[in-house]
S.K.: 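Next up is a structure, given as structure tokens.
The structure presented is a predicted model; accordingly, all values stated were derived computationally and were not measured. FYI, side chains are in, hydrogens and waters are out, and symmetry mates aren't considered; it's all heavy atoms of this structure.
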Amino acid sequence: MTTRVIIADDQAMVRAGFAALLAAQSDIDVVGEAPDGAQGVELSRRTHPDVVLMDVWMPEMDGLEAARRLLEPAPGVTHRPRVLMLTTFDVDDYVYEALRAGASGFLLKNAPPADLIAAVRVVASGDALLAPSVTRRLIADFAKQRPAARGKPALRLKALTERETEVLTLVARGRSNAEIAQTLVLAEQTVKTHVSRVLTKLDLRDRAQAVVLAYESGLVAPGE
């Protein structure tokens, strides 16, 4: 199955380089490029990509606002692509806000080419790109700047069973399904089921949003 991708970045050479790299993969089809967020949103509406590579800093409309418009579309708009944020910096409040809006993760622009290809495939498969330690550090650093929200985020967790809460805690600490299975002495498929139930009960799109909620609710503290 081919993954349809568009690239939104204000640097033409960056777009061209990413497009050439991804288009060379037999399972990835680059269906368009955009120089800013506004055109990226319009292009996505027309081409219905599976994944949008979205730069954080762009003219006209930045990547955060563009991600919001794609992931929280107006009534009548049914297509919602996966959004993978691209940034030059490893600590960027914008990226955190994009994760809250529903982006499936982020990637540094100076990451190795193989990481970009892998990231597109991971996000397209429905998972979140949380493996790089920098992602967890970004969320933890941002969480330090804000006191944990003890209101609605914490109340939402009451819908979870004890086991589901344990699973969410480990997800927030960046553990893979295999690592969670080993820690809790469960089958990996059982962990996948628990993760799916957590996302459903909390009305979350993927693991990225689950990590954000875990920090905001105080379930996981920065530095743990």
Side-chain angles (χ1 to χ4, degrees), residues 1-12 14-87 92 94-107 109 115-131 135 192 195-213:
M1 186 175 184
T2 301
T3 298
R4 295 165 56 82
V5 177
I6 67 172
I7 303 166
D9 194 297
D10 62 328
Q11 295 180 293
V14 171
R15 294 197 309 272
F18 285 171
L21 177 65
L22 294 174
Q25 311 307 310
S26 60
D27 59 335
I28 298 176
D29 184 14
V30 179
V31 297
E33 303 174 29
D36 59 60
Q39 292 187 53
V41 172
E42 192 277 331
L43 180 62
S44 179
R45 297 279 189 261
R46 287 192 288 107
T47 60
H48 289 186
D50 300 299
V51 177
V52 176
L53 293 181
M54 183 77 74
D55 187 23
V56 172
W57 299 103
M58 291 184 288
E60 301 300 327
M61 181 188 292
D62 60 45
L64 175 58
E65 180 59 28
R68 283 178 177 147
R69 295 194 183 192
L70 291 176
L71 299 169
E72 302 172 6
V77 178
T78 58
H79 178 255
R80 289 205 311 172
R82 299 274 172 175
V83 176
L84 179 61
M85 303 302 295
L86 299 168
T87 181
D92 191 327
Y94 257 29
V95 178
Y96 179 88
E97 294 297 335
L99 291 175
R100 292 189 66 195
S104 294
F106 87 101
L107 192 70
K109 285 187 176 181
D115 285 4
L116 174 64
I117 297 168
V120 169
R121 289 171 176 157
V122 165
V123 170
S125 72
D127 207 345
L129 189 67
L130 291 174
T135 302
K192 290 180 181 179
V195 171
S196 178
R197 287 175 179 168
V198 167
L199 298 181
T200 299
K201 286 185 176 182
L202 299 180
D203 192 26
L204 302 172
R205 191 174 186 192
D206 56 31
R207 296 169 83 105
Q209 288 191 316
V211 172
V212 171
L213 179 62

S.K.: Quick check against the 3.5 Å criterion: does T200 have a side-chain atom that pairs as donor or acceptor with the backbone of S196?
M.R.: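 At least one qualifying donor-acceptor pair exists.
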S.K.: From D36 CG over to D10 CG, what is the distance, rounded to the nearest 0.5 angstrom?
M.R.: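 The CG atom of D10 is 8.5 Å from CG of D36, to the nearest 0.5 Å.
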S.K.: Minimum heavy-atom separation for P81 and P49, please, with both atom names.
M.R.: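 Heavy atoms of P81 and P49 come nearest at CB-O, 3.5 Å.
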S.K.: Look up atom CD in E42 and atom OG1 in T47, then write down how far apart they are to the nearest 0.5 Å.
M.R.: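 Answer rounded to 0.5 Å: 8.5 Å.
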S.K.: So R207 and S104, do their side chains get closer than 4.5 Å, heavy atoms only?
M.R.: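 No; the side chains remain at least 4.5 Å from each other.
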S.K.: I need the R4 CZ to H48 NE2 distance, nearest 0.5 Å.
M.R.: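 Separation between the atoms: 9.0 Å.
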S.K.: Tell me, please, which residues at least two apart from R121 pass salt bridge (Lys or Arg N to Asp or Glu O under 4.0 Å).
M.R.: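 R121 satisfies salt bridge (Lys or Arg N to Asp or Glu O under 4.0 Å) with D27 only.
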S.K.: Where do S44 and V52 come nearest, in terms of heavy atoms and distance?
M.R.: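 Result for this residue pair: OG-CG2, 4.2 Å.
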S.K.: Between V120 and L84, what is the shortest heavy-atom contact and its length?
M.R.: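 Answer, listing the atom of V120 first, then L84: N-CD2, 4.3 Å.
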S.K.: Which atom names give the shortest non-hydrogen contact between A67 and M85, and what distance separates them?
M.R.: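 Closest pair (atom of A67, atom of M85, distance): CB-SD, 4.3 Å.
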S.K.: Could you tell me which residues satisfy salt bridge (Lys or Arg N to Asp or Glu O under 4.0 Å) with K109, sequence neighbours excluded, listed by chain and number?
M.R.: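 Checked K109 against salt bridge (Lys or Arg N to Asp or Glu O under 4.0 Å); matches are D9, D55.
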S.K.: Testing the basics here: between M54 and A66, what is the closest heavy-atom pair and its distance to 0.1 Å?
M.R.: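 Distance-wise, the nearest heavy atoms are CE-CB, 3.5 Å.
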S.K.: Just list the side-chain donor-acceptor pairs under 3.5 Å for residues 68-75, sequence neighbours left out, or say none.
M.R.:
from	atom 1	to	atom 2	distance (Å)
R69	NE	E65	OE2	3.0

S.K.: Give me the one residue out of V123, V51, V31, D50 that meets side chain to side chain contact (heavy atoms under 4.5 Å, CB included) with V5.
M.R.: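 Result for side chain to side chain contact (heavy atoms under 4.5 Å, CB included) with V5: V51.
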S.K.: For the atom pair CD1 (I28) and CG (L21), what is the distance rounded to the nearest 0.5 Å?
M.R.: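 One gets 8.0 Å once the value is rounded to the nearest 0.5 Å.
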S.K.: Looking at CG of L22 and CD1 of I6, how far apart are the two atoms once the value is rounded to the nearest 0.5 Å?
M.R.: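 Those atoms lie 12.5 Å apart.
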S.K.: Within the side chain of D62, is there an N or O that forms a donor-acceptor pair under 3.5 Å with the backbone of L64?
M.R.: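 Side chain of D62 to backbone of L64, a donor-acceptor pair under 3.5 Å: yes, one is there.
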S.K.: Which atoms form the tightest heavy-atom contact between L107 and A119, and what is the distance?
M.R.: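 Taking L107 first and A119 second, the nearest heavy atoms are CD2-CB, 4.2 Å.
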S.K.: Nearest 0.5 Å, please: how far is CZ in R15 from CG in L86?
M.R.: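 Going from CG on L86 over to CZ on R15, the span is 12.5 Å.
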